[in-house]
Amino acid sequence: MSQIEWCDSHSVGIPALDDQHKTLVALTNQLFLAIMRDEGQKELGRVLAELARYVDYHFDFEEQILTEHGFPESGFSLHREEHRKLKSRVQTLLIQHEEGSFALDLDVYSFLREWMTEHMIGTDSEYAEFLASRAAR
């Protein structure tokens, strides 16, 4: 397993959103690097807490952009639901960690890595084409 590498296929063509996506990747990679230093369990709570705060900010921002540019409701509802599920999962993992429940740092990283990669390349690419047609920047 390796850390997430940002590449052009992750770009949605809107610099502010791309920068936020890069921040999400960097946060997730912090966990990977901690695991490589054998400090994953020690860093897991901090990374999850930062991630929980940042996804709230990012998802609100992204959803506002979609709303402002008239992204179709059917796609918007599905997109928002994916956001809600990730926020809920991150909160659950954070609570479990704080309560001392057993959570494998590598399992958490694998989940986050898969979700972010699939979401950015899959779900976010759907709105990228729409926003490009609206000349959104």
Side-chain angles (χ1 to χ4, degrees):
M1 182 158 311
S2 61
Q3 61 182 335
I4 304 169
E5 297 291 331
W6 179 265
C7 57
D8 289 341
S9 65
H10 295 141
S11 175
V12 295
I14 304 213
L17 291 174
D18 284 343
D19 288 346
Q20 290 176 19
H21 287 159
K22 289 175 185 176
T23 298
L24 290 170
V25 166
L27 282 170
T28 302
N29 283 339
Q30 285 178 20
L31 179 57
F32 175 80
L33 295 172
I35 292 167
M36 294 297 102
R37 292 189 312 268
D38 203 25
E39 298 175 352
Q41 284 299 325
K42 184 174 94 173
E43 292 293 310
L44 182 59
R46 181 190 62 77
V47 170
L48 285 172
E50 284 185 44
L51 195 57
R53 282 190 298 274
Y54 199 78
V55 295
D56 278 343
Y57 163 74
H58 167 66
F59 290 163
D60 286 348
F61 184 85
E62 188 175 83
E63 290 169 11
Q64 179 182 347
I65 296 285
L66 295 177
T67 299
E68 287 174 1
H69 290 281
F71 191 64
E73 182 58 37
S74 58
F76 182 74
S77 295
L78 293 172
H79 200 93
R80 187 176 39 214
E81 181 61 17
E82 279 193 33
H83 287 173
R84 188 199 63 74
K85 286 179 182 176
L86 179 67
K87 287 165 62 169
S88 176
R89 179 74 173 129
V90 168
Q91 283 298 326
T92 298
L93 289 168
L94 182 58
I95 290 166
Q96 288 173 340
H97 179 76
E98 289 171 348
E99 292 175 347
S101 296
F102 186 70
L104 293 175
D105 51 8
L106 191 56
D107 289 343
V108 173
Y109 172 74
S110 295
F111 162 74
L112 292 172
R113 183 180 198 279
E114 181 178 324
W115 190 92
M116 282 192 200
T117 302
E118 288 181 8
H119 187 77
M120 283 189 292
I121 292 173
T123 307
D124 285 352
S125 68
E126 293 170 11
Y127 77 67
E129 292 175 24
F130 175 82
L131 293 177
S133 73
R134 297 277 203 265
R137 289 277 154 211

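All of these numbers come straight from a predicted model, not from anything done at the bench.
One finds the NE2 atom of His97 at 7.0 Å from the CG atom of Leu48 (value rounded to the nearest 0.5 Å). Note: Glu98 CD to Leu93 CG = 11.0 Å, rounded to the nearest 0.5 Å. A distance of 11.0 Å separates CG of Asp105 from CD of Glu39, quoted to the nearest 0.5 Å. Going from atom CD of Glu82 over to atom NZ of Lys87 covers 13.5 Å, rounded to the nearest 0.5 Å.
Heavy-atom minimum distance, Gln20 versus Phe61: NE2-CD2, 3.2 Å. In plain terms, the two heavy atoms of His10 and Asp18 that are nearest each other are O-OD1, 4.2 Å. Among all heavy-atom pairs drawn from Pro72 and Phe130, the shortest one is CD-CE1, 3.8 Å. Closest of all the heavy-atom pairs between Ala52 and Leu94 is CB-CD2, 4.5 Å.
Few gaps surround CD on Glu73; more than 12 heavy atoms of other groups in view lie less than 6.0 Å from it. Atom CG of Asp19 sits in a crowded spot, with more than 12 heavy atoms from other residues, nucleotides or ligands closer than 6.0 Å.
Counting only distance, with no hydrogens or angles, the side chain of Ser125 and the backbone of Gly122 share a donor-acceptor pair below 3.5 Å.
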- Step-by-step side-chain contact (heavy atoms from CB on, under 4.5 Å) determination, Phe59 to Leu86: CA-CA 10 Å; Phe59 290 163; Leu86 179 67; 3.7 Å; yes
- Task: For side-chain contact (heavy atoms from CB on, under 4.5 Å), just list the numbers for Met120 and Ser9, CA-CA rounded to whole Å, side-chain angles, deciding distance to a tenth of an Å, and then say yes or no.
- Result: CA-CA 9 Å; Met120 283 189 292; Ser9 65; over 6 Å; no
- Check the pair Ile65 / Leu131 against side-chain contact (heavy atoms from CB on, under 4.5 Å), numbers first and verdict last. CA-CA 9 Å; Ile65 296 285; Leu131 293 177; 3.9 Å; yes
- Task: Test side-chain contact (heavy atoms from CB on, under 4.5 Å) on Leu17 and Tyr127 and set out the steps.
- Result: CA-CA 12 Å; Leu17 291 174; Tyr127 77 67; 3.5 Å; yes
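Side-chain contact check for Leu112 versus Val90: some heavy-atom pair is nearer than 4.5 Å. With contacts defined as side-chain heavy-atom distances shorter than 4.5 Å, the pair Arg113/Ser2 qualifies.
Partners of Arg46 by side chain to side chain contact (heavy atoms under 4.5 Å, CB included), not counting sequence neighbours, listed by chain and number: Gln30, Glu43, Glu50.
Using a cut-off of 4.0 Å between Lys/Arg side-chain N and Asp/Glu carboxylate O, Arg84 and Glu81 are scored as salt-bridged.
For the pair Arg89 and Phe111, the cation sits on the ring face: its NZ or CZ lies under 6.0 Å from the ring centre, inside 45° of the axis.
Between Val47 and the options Leu33, Leu31, Thr28, Asn29, a side chain to side chain contact (heavy atoms under 4.5 Å, CB included) holds for only Leu31. Tested against Glu63 for a side-chain hydrogen bond (donor to acceptor under 3.5 Å, both in side chains), the candidates His58, Arg80, His83 yield a single pass: His83.
Taking the six-membered ring for Trp and the full ring otherwise, the centers of Phe71 and Phe76 sit at least 6.0 Å from each other. A centroid separation of less than 6.0 Å is found between the aromatic rings of Tyr54 and Tyr57. Taking the six-membered ring where the residue is Trp, the centroids of His79 and His119 are separated by under 6.0 Å.
When the side chains of ILVMFWY residues are joined at heavy-atom separations under 4.5 Å, either directly or via intervening members, Val25 and Ile121 end up in two distinct hydrophobic clusters.
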